Amino acid sequence: MKKRLNITIDEKLLEKIKQYAAKEETSISSLVEEHFEKLVGRRTGLPEGMSLVEYMRSLPKFDFPEDFDYKEEYYKAKAKKLGYEDLL
């Protein structure tokens, strides 16, 4: 059963959408419906039947030294990424 949906979008965008729909020989409603189907049907990328918690528990564990300074390492990595590690 189909239901009506009213939306408000920019006039220029609507014109572009109309042109696209005409070129693709489809309706705007079909385009919107397909897009919504993709949105709600997105997969999480988790293995089939596995919850996020189960997946997180299955990840490898790392043993860091007790004196490991997470904050310092974070800022070092950030500085390296942004190209100013020589300033630290």
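No experiment lies behind these values; they were computed from the predicted model shown.
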Between atom [atom1] of [X] and atom [atom2] of [Y], what is the distance when rounded to the nearest 0.5 Å?
| X | Y | atom1 | atom2 | result |
| --- | --- | --- | --- | --- |
| Leu52 | Arg57 | CG | CZ | 10.5 Å |
| Arg4 | Ser29 | CZ | OG | 8.0 Å |
| Glu37 | Ser30 | CD | OG | 11.5 Å |
| Asp63 | Lys61 | CG | NZ | 10.5 Å |
| Ile9 | Lys16 | CD1 | NZ | 11.0 Å |

Heavy-atom pair of closest approach, residues Ser27 and Ala21 = C-CB, 4.2 Å

request  = Give the minimum heavy-atom separation between Ser58 and Met50, together with the two atoms involved.
outcome  = OG-SD, 4.5 Å

request  = Over 60° means perpendicular and under 30° means parallel, so classify the ring planes of Tyr70 and Phe68, tilted if in between.
outcome  =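 Judged by the thresholds at 30° and 60°, the geometry between Phe68 and Tyr70 is perpendicular.
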
query = After noting the C-alpha distance and the side-chain angles of Lys18 and Glu15, does the key distance pass the side chain to side chain contact (heavy atoms under 4.5 Å, CB included) rule?
reply = CA-CA 5 Å; Lys18 284 180 180 179; Glu15 289 304 316; 3.9 Å; yes

ask   = Val32, Leu39: one ILVMFWY side-chain cluster at the under-4.5 Å cut-off?
value =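 The answer is yes; both residues are in one hydrophobic cluster.
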
inquiry  = Measuring only between side-chain heavy atoms, which start at C-beta, is Tyr20 closer than 4.5 Å to Leu31?
reply    =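 When only atoms from C-beta onward are counted, Leu31 and Tyr20 do touch, with a gap below 4.5 Å.
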
request  = Please tell me if the side chains of Phe36 and Leu5 come closer than 4.5 Å, counting only heavy atoms from C-beta onward.
outcome  =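 Phe36 reaches Leu5 side chain to side chain.
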
Main-chain N/O of Asp10 paired to Lys12 side chain as donor or acceptor, under 3.5 Å =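 Not confirmed, Lys12 side chain does not pair with Asp10 backbone.
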
request  = For the pair Glu72 and Lys76, evaluate salt bridge (charged side-chain N to carboxylate O under 4.0 Å, His left out) and give the outcome as yes or no after the intermediate values.
outcome  = CA-CA 6 Å; Glu72 181 182 345; Lys76 282 182 187 177; 3.3 Å; yes

